[in-house]
Structure formats: structure tokens, C-alpha cells
Amino acid sequence: MKKSICCIALAFAVVLAGPLPPRASAASGDEVQIDALYQKFAAAFRRKDVDGIMALYLPGKTLFVFDVSPPREHVGWNDYRDDWRQLFASMKGAEPGFTISELSVVVDGDVAYTHSIQHVTIAASKSAPASKLVVRVTDVLRKIAGKWLVVQEHVSVPVDLNTGRADLTSRP
């Protein structure tokens with residue numbers, strides 16, 4: 001009898017509480033836009049398209065990037081653009097491979113931050129074996145005039161502290 005009364009009371013409480021609020025979608029519109037930004041980046045990288053890549057970064061002098069290769073940092077859009085030009089000019093082989101995994105996006109108003117693992121495959125020439133590189137990327141983005149742009153970036157690889165060597169193909 002106690003069980004029946006408890007079940008009836010619980011059912012009554014559920015009816016009085018009303019319908020459950022709708023569940024939040026798996027990704028907000030902003031998260032979908034940011035995911036699309038990274039897909040554009042990946043496609044532009046595979047095409048060695050500097051303009052396509054730089055369209056995703058804040059123009060001007062305030063863009064700041066810590067990169068995985070020297071120099072340690074790039075200050076401003078023009079400086080970072082020059083770095084991409086030099087990188088792609090050094091790639092004489094086939095189109096590079098590029099994928100992004102483990103992308104995490106957090107949006108708070110007009111600011112977002114992301115982190116991901118990015119996998120790069122570069123062939124020195126069409127006949128040379130490809131070299132692989134895995135980097136960790138953390139970005140800060142701002143929504144400016146309705147468009148998400150990267151305003152700060154940090155690219156890195158883990159380092160074995162016993163040997164001082166970079167782990168260029170890091171795995172969890």
C-alpha cells in the first residue's frame with residue numbers, strides 16, 4: 001500500500017511540475033560556425049591556400065600566435081601570413097594531408113576558446129616518404145560583425161623532459 005501511495009504521489013508531482021524543458025541541442029549555432037571555421041582551415045591547408053587560411057584570423061596588429069617552429073611568436077596578421085607563405089613555399093611535394101581531431105569548443109558570448117589535435121602529413125617530394133607531425137592547438141576567437149575569427153593561437157608539441165626532444169607524433 002505504501003508503495004502505491006508513493007508512486008501516485010510521484011506521478012502527481014511530475015504532472016504538477018509540467019513538461020520538461022527542451023534539451024539543449026548538441027551544438028549551439030556559434031559552435032557549428034566555429035566547427036565550420038576549422039573545416040575551412042583544414043581544406044585551405046590541404047590546398048596550400050594562404051588567403052583561405054588567413055581569412056580565418058583577425059586582420060591587423062593585435063593577432064598573436066605562439067607557433068611550434070621558430071620564430072617563437074608571430075605578432076600581427078602580416079607576420080603570420082608571411083610564415084604561412086614560407087611554409088607552403090617549402091613544401092615541394094604532393095599536397096599535404098591535414099586532419100583535426102578532438103576539437104573542443106567553448107562559447108561565452110562573443111568570445112570562444114578551442115583546443116584540438118591537428119595531424120599534418122607532408123611529402124618532401126612526390127617520390128619521398130611523407131613526414132608526419134601532430135600538434136596541439138589552443139585558440140581564442142572573437143565574434144566580430146557576426147563572424148568568428150581567431151585572435152590568439154598557441155601551437156605546441158609535448159617535450160620529453162628527460163631527453164629534451166620534441167614528441168612530433170604525440171599520442172595520448
Side-chain angles (χ1 to χ4, degrees), residues 26-27 30-108 111-143 147-172:
D30 288 323
E31 290 168 331
V32 170
Q33 290 175 18
I34 292 169
D35 184 72
L37 176 142
Y38 285 100
Q39 297 313 312
K40 288 177 186 176
F41 179 92
F45 188 98
R46 287 188 289 266
R47 293 189 313 268
K48 301 181 196 176
D49 178 4
V50 173
D51 292 333
I53 288 173
M54 293 309 298
L56 309 174
Y57 290 85
L58 179 69
K61 297 179 181 181
T62 61
L63 174 66
F64 189 88
V65 176
F66 279 131
D67 207 351
V68 71
S69 60
R72 176 185 66 196
E73 62 196 46
H74 297 282
V75 180
W77 190 88
N78 289 328
D79 182 27
Y80 200 39
R81 179 185 178 86
D82 289 344
D83 186 59
W84 281 109
R85 284 182 175 162
Q86 291 172 21
L87 174 68
F88 289 144
S90 73
M91 293 182 190
K92 304 294 183 195
E95 289 183 353
F98 186 90
T99 59
I100 298 173
S101 65
E102 301 176 44
L103 177 62
S104 173
V105 178
V106 176
V107 177
D108 187 2
V111 176
Y113 60 90
T114 68
H115 59 83
S116 64
I117 304 298
Q118 298 182 1
H119 308 262
V120 181
T121 304
I122 301 171
S125 69
K126 292 187 181 194
S127 60
S131 60
K132 295 184 180 197
L133 173 66
V134 178
V135 295
R136 308 172 297 187
V137 179
T138 303
D139 287 330
V140 177
L141 300 93
R142 286 184 39 215
K143 192 173 191 179
K147 181 179 178 182
W148 286 102
L149 295 170
V150 176
V151 299
Q152 186 172 344
E153 184 166 77
H154 187 122
V155 184
S156 65
V157 295
V159 174
D160 182 327
L161 296 179
N162 292 322
T163 65
R165 294 183 154 205
D167 180 359
L168 301 178
T169 58
S170 68
R171 294 182 188 95

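If you're wondering where the values come from, they're calculated on a predicted model, not measured in any experiment.
- Residues Val150 and Leu58 form no side-chain contact, since every pair of their non-hydrogen atoms from C-beta on lies 4.5 Å or further apart.
- Under the 4.5 Å side-chain criterion, counting only non-hydrogen atoms from C-beta, Met91 is in contact with Lys48.
- Under the 4.5 Å side-chain criterion, counting only non-hydrogen atoms from C-beta, Arg165 is not in contact with Val159.
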Does Phe98 form a side chain to side chain contact (heavy atoms under 4.5 Å, CB included) with Gln118? I'd like the steps, not just the answer. CA-CA 7 Å; Phe98 186 90; Gln118 298 182 1; 3.4 Å; yes
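- Atom CG in Leu149 sits 11.5 Å away from atom CG in Asp139 (nearest 0.5 Å).
- Distance check: Ile117 CD1 to Ile100 CD1 gives 11.0 Å after rounding to the nearest 0.5 Å.
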Walk me through whether Trp84 and Phe41 qualify under ring-ring contact (aromatic ring centres under 6.0 Å, His included). CA-CA 12 Å; Trp84 281 109; Phe41 179 92; 5.8 Å; yes
Could you go through Val157 and Asp167, starting from their C-alpha distance and side-chain angles, then the distance that decides it, and tell me whether this counts as side chain to side chain contact (heavy atoms under 4.5 Å, CB included)? CA-CA 6 Å; Val157 295; Asp167 180 359; 5.8 Å; no
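- Annotation for Leu63 and Trp77: closest pair CD2-CA, 3.8 Å, computed over non-hydrogen atoms.
- Annotation: the span from His115 atom NE2 to Glu102 atom CD amounts to 9.0 Å, rounded to 0.5 Å.
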Apply side chain to side chain contact (heavy atoms under 4.5 Å, CB included) to the pair Ile34 and Val107, showing each step before the final yes or no. CA-CA 9 Å; Ile34 292 169; Val107 177; 3.9 Å; yes
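- Proximity of a side-chain donor or acceptor of Ser131 to a complementary backbone N or O of Ile122 within less than 3.5 Å is detected.
- The backbone N or O of Ala55 lies less than 3.5 Å from no partner atom in the side chain of Lys40, so there is not a single donor-acceptor pair.
- Between Arg81 and Asp51, at least one side-chain nitrogen of the basic residue sits less than 4.0 Å from a carboxylate oxygen of the acidic one, meeting the salt-bridge criterion.
- The pair Lys143-Asp30 counts as a salt bridge, with a side-chain nitrogen and a carboxylate oxygen less than 4.0 angstrom apart.
- Val134 has its side chain within reach of Ser170: a pair of non-hydrogen atoms, C-beta onward, lies under 4.5 Å apart.
- For CG of Asp160, the number of neighbouring non-hydrogen atoms (other residues, nucleotides, ligands) closer than 6.0 Å is greater than 12.
- Proximity of Phe66 to Ser156: side-chain heavy atoms (C-beta onward) are nowhere separated by under 4.5 Å.
- Using a 4.5 Å heavy-atom threshold, the side chains of Asp35 and Leu37 count as separate.
- Taking all atoms of both residues into account, the shortest heavy-atom contact from Lys132 to Thr121 is CG-OG1, 4.0 Å.
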With side chain to side chain donor-acceptor pair (under 3.5 Å) as the test, would you mind laying out the steps for Tyr38 and Thr114 before giving the verdict? CA-CA 10 Å; Tyr38 285 100; Thr114 68; 2.5 Å; yes
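- Taking the side chain as every heavy atom from C-beta outward, Glu153 and Thr138 never approach each other to under 4.5 Å.
- Remark: side-chain polar atoms of Arg46 are not paired, donor with acceptor, to backbone N or O of Gly97 under 3.5 angstrom.
- A distance of 11.5 Å separates CD of Gln152 from CZ of Arg142, quoted to the nearest 0.5 Å.
- In terms of modelled atom types and a separation under 3.5 Å, the side chain of Asp79 and the main chain of Val75 share a donor-acceptor contact.
- Across all non-hydrogen atoms, the minimal contact from Phe45 to Pro96 is O-CG, 3.5 Å.
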Would you please test Val151 and Phe64 for side chain to side chain contact (heavy atoms under 4.5 Å, CB included) and show each step? CA-CA 7 Å; Val151 299; Phe64 189 88; over 6 Å; no
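- In this structure, the side chains of Val50 and Phe88 come closer than 4.5 Å at one or more pairs of heavy atoms.
- For Asp49 (side chain) and Gly52 (main-chain N/O), a donor-acceptor pair under 3.5 Å exists by modelled atom type.
- Counting heavy-atom neighbours within 6.0 Å of Arg136 CZ, excluding the residue itself, gives a total above 12.
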